[in-house]
S.K.: 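Below: one structure in structure tokens.
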Amino acid sequence: MLELTDIEAGYGRTRVLHGVTVPSGKVVAVLGHNGAGKTTLLRLAIGLIKPSKGRVMFDGEDVTSLAPNQRVARGMAYVPQGQQSFGQLTTLENLQLVADGRRGGKALIEAQMARFPALEQFAARKAGLLSGGQRQQLAIARALITEPRLLILDEPTEGIQPTIVAEIEQTIMQLAGEGIDVLLVEQHIGFALVAAERYVVLASGRVTQTGEGGQAATSTVRAAMAI
Amino acid sequence: GDETAAGGASPAASCVDTSGSTVKLGFLNSLTGGMAISEKTVSNVLHMAADEINAGGGILGKKIEYVQEDGATDWPTFAEKTEKLLTQDCVAAIFGGWTSSSRKAVKPVVEKHNGLFFYPVQYEGLESSPNIYYTGATTNQQIIPAMDFLAAQGVKRLFLAGSDYVFPRTANAIIKLYAAKLGIEIVGEEYVPLDKDDWTSQVAKIVAAKPDFIFNTINGSSNVGFIKAYYDAGLTAATTPIISVSIAEEEAPAMGHEVTGQYASWNYFQSLKTPTNPKFIENWKKYPNSSGVTSDPMEAAYISMYLYKALVEAAGSFDVAKVNAAAKTNTITFDAPEGKVTLDGDNHHISKPGHIGKINATNQFDIVWASDKVIEPDPYLEGYDWFPADIRKQLTDAAG
Amino acid sequence: MTKPKPWLSLSGIGVFAVLLLAVAPLVLTDHWLNNLGKYCCWAIAAVGIGLAWGRGGMLVMGQGVFFALGAYAMAMHLTLETAGDRIPGFMVLYDPLAPLPMFWEPFRSAGFTLLAIVLLPVLLAGLLGYALFKRRVKGAYFAILTQALAVALATLISSTIRETGGDTGLSDFKYFFGFVLNDPANKLMVYLIAAALLIVCLLAVWQLYRSRFGELLVATRDAEERVRFLGYDPANVKLVAFVVSALMASIGGAMFVPIVGIITPAEIGAAASVLMIAGVALGGRASLFGPALGAMAVGWGQSSLGSTWPEGWTYILGLLFIVVILFLPNGLSSLPARFAAARRRPAEQPAPAIAVAELEEVRS
Amino acid sequence: MTDDSLVVTDLHVEFSGFVAVGGVSFDAHPGEVRFLIGPNGAGKTTCIDAVTGLAKATGSARLGERELLGRPVHKIVRLGIGRTFQTASVFDELTVLQNLDIAAGRHRPSVSLLRARRGVEESIEQALEETGLAGELATPAGILSHGQKQWLEIAMLLVQDAKVLLLDEPVAGMSQDERTATGELLQRIAAKRIVLVVEHDMDFMRRFATRVTVLHQGKVLSQGTVADVQADPRVQEVYLGTAGAATTAAMSAVPEPVAGTRQGQED
Amino acid sequence: MDALIAPLLNGSAQGALLLLAALGLSLTFGQMGVINMAHGEFLMIGAFAAYLVQQVIVASGLSIPVALPVAFGVAGLFGLLLEVTIIQRMYRRPLDTLLVTVGVGLILQQAALQIFPSQGVPVEKPAWLDGQLNILGYEWPLRQLFTILLAAVCVAALSAWLKHTSFGRRIRATVQNRDLAETSGISTRTVDRLTFFTGSGLAGVAGVAASLIGGTNSQMGAQYIIPAFLVVAAGGIGQLKGTIIAAWAVGVALSYFAYWTTGSLAQVLAFILVIVFLQLRPQGLFTVRTRSLA
Ligand SMILES: Nc1ncnc2c1ncn2[C@@H]1O[C@H](COP(=O)(O)OP(=O)(O)OP(=O)(O)O)[C@@H](O)[C@H]1O
Ligand SMILES: Nc1ncnc2c1ncn2[C@@H]1O[C@H](COP(=O)(O)OP(=O)(O)OP(=O)(O)O)[C@@H](O)[C@H]1O
Ligand SMILES: [Mg+2]
Ligand SMILES: [Mg+2]
């Protein structure tokens, strides 16, 4: 559904991505070391960065010049790296914010609260006061409320306790099963490759390897990344 | 003061050059900043006077070429620009200023460079300088007539309202001295910073003090706030009238109908019936960018330009010493829109008629009182025994 | 942060010193030399603002307060020197019998005056800074508070006519520590002192910027809380910069008085304080020369454009604020570096996020 | 228990009525890599906040003889406590060298602050070596990658000569071999210092922890060796989970990455 | 009795005017983080708009009710223009907005000086505001009551808008994290513009109230800007109720000080009061806590 073609992009004069192409697929994993450009790629996919060259296609439409909120309106959702939330708003307000104006907004919120019980417990607390993991759960919940067709996840299990990591992993698999596409950056290569239909390895802003997902790919990927 | 600049050093040689067919004059007014509200008009009328004089052949046959400077409502800038006009542009004389503070900033500079400065606004007096000519009223030509008027009206309780700066403070100090002599009780005295419009708290105090009359030395836009708060509180010209010394034809329109019926003390009003006034008004109304009404400060500015012409022509020279010597003859006069005025060569002020006007619905003034003859200028109030001699002495000592 | 080579800056200061101290007196008329002296005073204050704001992130909108301390200390001394045994003229009218206000007395002494010019700002800035920084007042709060302080002081001075001369200010000084001010030779001396003090201030910040303290200051600006976790008290770091900048403002103010011959509350109120900031922003807040040159440029613009086209000057000044801040957040002094960077390999140029930290400050 | 141990006793932290930490006690000694784990919101970060003076706490936290609670942040740091943050925070506009130099600065007399830096101090060079940042000396910290920033933070603690390093999720966002490298670095550091790590990466914990304390809802749930803790059914229930155990097991089945790849990420 | 009750009532009205001036700032500064020093000039624009309305609607009884929404719209449009041309590019460095808007303020002031009569223009108070209300023996001007009611209406409308529509949440979300808001599907551009429009429009409304108290001229905005900022800061940034209490307290304090001392000293004392207060409570009356370190 999402396809990135020959992307060049960066910050100011610093170029970070050099001719990166990411094929479409149900679950696509982007792998790579620290600073390889994964986050940059994802920010570009959602529209926070504009490419100096290349194209972003979503569901057959060229969305390269659309603002992030317009992309969200078309069915993309993004969970950024680093447990981000609106710190001054309460947990509930964080969810309402995205549910506003949606049909069945209340039900959507309740569904997410059921998925992440901590959110229900701390509904009235300022999100800025939540623990890191709780904030991450909130971020995922916020993304899911928009009922996306494509979910862009930047290290969604970073800083999350194992039980919930497992849940999130299950959720991702489940969402993929429900027909939601996922673009995933994940350091748990094991999980990422199990979940992924395709994978892309980034190094220094260039694609060094692509392939089909699955347990079997693990060792090739590890080898590729250990250069 | 003495004729040379103080401190021993002799003034720099003048660079004024009048050998050609023109004479350079400097205009120094605030065209930006808070005082631009008032001073733009003065600058404009100076231009008009210069144009008129040029059309009539100039001064001593030389056309006026003027350099307009912006004082920017900043007193050090007034000092800087004075120095620039005198030493860079080499003007023969400077016209302008409005606030007393700007004049006090200019004074040491014109004295140092032995220049000439013509100051056109009524002020608090107690000053004189060999290098400055004052064509607005001094205290005994505006404040004291106003007090006499109040006494004649049988006022017993007077409230003083002013802006917080040197003119109202000094004027009120003098008013208090004279009021004691007249048997008028001062029932309150309030000041608000020049740049603040809100007078509600002070007006509440006025209401409580129950004065017969209010003496208003407020300046600028703060006057609007004062009149509005006064009117809001239910005070009216019928019960508690105001006499002002800074509200003229220019200012009154901005206050709407609420100022109607109040008094002002000036030397000139647009409504004066003198031989030269109609022409003055007509010329002004035609002049580009004119505000359409004439008022005392602009008339005094107009006078200053013509007085200078008369001085120079009597001296036959633009030289400062010669001009001052011509003044000493006490024969320099001008048929001003306010009536004939004469220059006093000793104190560099001019004689003026006193008038009290009452604001009517068209924001013009109906004259309700006039001095029987012109009032001679007396900046140090030497003719008034109620003014303490020791203060006068200390002031002249400090100045000199 | 790319730093120019230290010797380069130092020789820059040298060239500047030669221009100010040797060339200017030869080529300028008395009037323009005097004006240049005035710009030097603003530049001295601007150098301090550059330190506090550019490097320290403290937007000091009320430098007028410290400018006033130096200026009024100097002006009171010169007034008394001029008045001799008498009470200054402006005081007489309001209360002819009252003696000189108590706080004027010590300013008869030249030594006390000089000491006051240094110590008053240090003490006030020290107290104020200590209180504000310890309570972690920063960002917009700090800016608005300092500006309010300047307005309050200007109003206070305006309203105490007998004690301070009020709105009219203090003027008409005849002597400067015994020297007759009207004497052109003495005027030149006063100018040279101001110019030399500017050079000294530049040298002082030059050393500060290349020192570890300079780095620490930048670190504190960008991540104050983080500095705490390295064992420093950021309040102290900021305090030092703030006090030094206050001292410079006071020195600028003190020299302003004999050069311009008048000091009024308008020179210290909100508008004047903002104009000082304008110069610093124009020149480049974080650079060494930017603030001084920017302040001088604004002063010059006021003197010359203000004459030829007064209304226009106001528009130009307004536009200058907008255009410079909008397109050149690092001021005109960043232009050469920008051109150089454009020629160099693009990848070398980091995108400095100059005020990302401020975002949090305003909002948290 | 040596003089240089960190001993926390009966620590309480309350936020307007909410008890985030309710009576936690643990200790940590030089030579061990101590792990603090527990569910999200258990109070781990808050414990670190309390010890470093960021959160107001009651109870006691001593480094040797010295009580830490109640002192201002920078004084605690001067006693030798250093920490990193869950989200890396370095001075973006300063270079790596300048960052480290500032961190090293607290031992210098204050007048030396007014002098310029000459050369690179030995401790800084060592720290750069240790963390593999030697090549980035002149890079502004703002453009380092997430992981590099975390290393820079650790390097800052090293030059700061902290006796106690409190690391809040130091390997979050790192790839497997980067984690390994970091873990080994921590083991080396721990030889002379106290290292306390908060982490959710169980694999990482299993490989590098000497002792583990598990927090749950602001209280100590379990304490002991990795094996002890993993075997504790309560820990499994609230934290590790059975499903989680399965996934992590699956992952630890992945072959160990080649050691010594740290130099590899300078690309 | 008068000495106690009069300053209280006068001060409440002064506070109400201050509140009107500060209300827009509590949006643009408090919520968006923009330090708009041209806010005072937007207030001036509102006052001039009221004057122009009076030129058209001669029946002065109606002119003020009509002028209020007009002033809101006109000042709001100016604000919108400022946002679109300049502020939009500056959200990532809020302190710099302070300097840019100082420039904007200078230009607006000078333009007003040249467009309108330099002495200013009259805005006439409608006849239905003549008169006083006797409160415990003090004849309280009706106009003051009007200012208070106007402020109350604006506060009520604003807080209802922020609380009961999703818009309030969106503003706050956008301010805290622009990128995150954008990727959560919020059109931050719309939010910014609407907020700035409203904040500036409120300045216009304040301008109408101010034109009934003082002069309507190019300098009028300058006297409100710093007190308004102090009020927002003292109330606690982003805290509407804090702004209300702070404005009222400053107004009443000013009034009592003016009653006991002089007009100038009252200004100085009020400033010092706020500065000392902020010294003691740097986050203002009402504080918002976060754990974020940066
Ligand atoms: N705002 C920025 N300005 C300049 N350079 C940046 C910026 N953000 C990131 N970079 C640089 O871009 C490169 C790629 O960073 P990115 O965050 O995309 O990496 P990543 O693969 O997500 O790494 P990690 O695993 O650490 O999250 C890095 O070298 C980084 O220094
Ligand atoms: N300042 C505060 N005010 C109110 N509650 C707070 C505050 N700080 C933390 N909390 C609450 O205290 C609890 C413990 O938070 P803490 O950050 O210590 O958890 P943690 O163990 O570090 O979790 P994580 O693994 O997710 O980072 C959480 O429920 C959090 O919401
Ligand atoms: Mg990343
Ligand atoms: Mg935590």
Side-chain angles (χ1 to χ4, degrees), chain B residues 5-12 30-33 36 67-81 83-84 86-89 99-105 107-109 111-112 124 126 163-166 169-170 173-174 191 193-196 388 390-391 394-399, chain C residues 29-32 34-35 38 82-83 86-97 154-155 158-162 165-169 171-175 180-186 256 260-267 269 271-272 302-311 313-314 317:
Chain B
S10 62
S30 295
L31 302 178
T32 57
V67 184
Q68 174 72 58
E69 276 295 351
D70 177 19
T73 317
D74 180 63
W75 322 145
T77 303
F78 270 90
E80 177 198 324
K81 298 299 184 188
E83 177 154 274
K84 175 195 172 253
L86 293 176
T87 66
Q88 301 297 114
D89 301 316
T99 62
S100 287
S101 303
S102 67
R103 187 191 65 251
K104 285 182 189 293
K107 185 169 172 272
V109 185
E111 286 175 354
K112 173 182 167 194
E124 66 280 6
L126 304 171
S163 299
D164 205 351
Y165 77 109
V166 62
R169 289 268 183 185
T170 313
I174 294 170
Y191 299 93
L194 260 174
D195 56 359
K196 286 277 171 296
D390 55 335
I391 295 188
Q394 285 196 53
L395 282 172
T396 40
D397 284 358
Chain C
T29 63
D30 283 359
H31 173 70
W32 280 108
N34 205 43
N35 275 351
K38 176 162 85 170
T82 305
R86 289 191 297 261
I87 290 181
F90 71 89
M91 290 183 184
V92 173
L93 184 77
Y94 308 104
D95 194 354
L97 300 178
T155 313
S158 291
S159 67
T160 48
I161 293 193
R162 187 180 188 275
D167 167 76
T168 308
S171 63
D172 211 354
F173 317 112
K174 305 266 190 276
Y175 304 97
V180 176
L181 264 177
N182 267 354
D183 187 338
N186 292 339
F256 184 89
V260 181
I262 175 171
I263 181 69
T264 75
E267 303 318 293
Q302 218 178 7
S303 295
S304 57
L305 288 177
S307 295
T308 44
W309 189 29
E311 285 95 353
W313 164 242
T314 312
L317 190 66

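Proteins get letters first, then strands, A, B, ... in listed order; numbering begins at 1 in each. As a basis for the values below, the full set of heavy atoms in this structure was taken, side chains included, without hydrogen atoms, waters or symmetry mates.
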S.K.: Using non-hydrogen atoms only, which part of A72(B) is less than 4.5 Å away from chain C: side chain, backbone, both, or neither?
M.R.: neither
S.K.: Supply the atom-to-atom distance S102(B) OG to I262(C) CD1, rounded to the nearest 0.5 angstrom.
M.R.: 9.5 Å
S.K.: Is any side-chain heavy atom of E80(B) less than 4.5 Å from a side-chain heavy atom of H31(C)?
M.R.: yes
S.K.: Are the side chains of T264(C) and P76(B) in touch, meaning some heavy atoms are under 4.5 Å apart?
M.R.: yes
S.K.: About how many Å separate NZ of K104(B) and CG of D172(C), when rounded to the nearest 0.5 Å?
M.R.: 9.5 Å
S.K.: Heavy-atom distances under 4.5 Å only: say whether T32(B) touches chain C with side chain, backbone, both or neither.
M.R.: side chain
S.K.: So what's closer than 4.5 Å to chain C heavy atoms on K81(B): side chain, backbone, both or neither?
M.R.: side chain
S.K.: If you measure from OG1 on T168(C) to CZ on R169(B), what distance do you get to the nearest 0.5 Å?
M.R.: 11.5 Å
S.K.: Are E267(C) and D74(B) packed together at the side-chain level, in the sense that at least one heavy-atom pair is separated by less than 4.5 angstrom?
M.R.: yes
S.K.: Distance from L181(C) atom CG to K112(B) atom NZ, nearest 0.5 Å?
M.R.: 8.0 Å
S.K.: Could you check whether any side-chain heavy atom of D167(C) comes within less than 4.5 Å of a side-chain heavy atom of W75(B), counting everything from C-beta outward?
M.R.: yes
S.K.: As an exercise, state the distance from CH2 of W32(C) to OG1 of T87(B), rounded to the nearest 0.5 Å.
M.R.: 10.0 Å
S.K.: Pick one of side chain, backbone, both or neither for T82(C), based on which atoms fall under 4.5 Å of a heavy atom in chain B.
M.R.: neither
S.K.: Flag the pair S159(C) / D164(B) as yes when at least one side-chain heavy-atom distance between them is below 4.5 Å, and no otherwise.
M.R.: yes
S.K.: Can you tell me which of K84(B), E69(B), Q68(B) forms the most heavy-atom pairs within a distance under 4.5 Å of chain C?
M.R.: K84(B)
S.K.: Would you say the side chains of Q88(B) and T29(C) form a donor-acceptor pair under 3.5 Å?
M.R.: yes
S.K.: Examine whether an atom of Y165(B) lies under 4.5 Å from a heavy atom of chain C, and if so say whether it belongs to the side chain, the backbone or both; otherwise answer neither.
M.R.: both
S.K.: Pick one of side chain, backbone, both or neither for L126(B), based on which atoms fall under 4.5 Å of a heavy atom in chain C.
M.R.: side chain
S.K.: My understanding is that only residues two or more places apart in sequence, or in another chain, count here; which of them pass side chain to side chain contact (heavy atoms under 4.5 Å, CB included) with Q302(C)?
M.R.: W42(C), L275(C), W313(C)
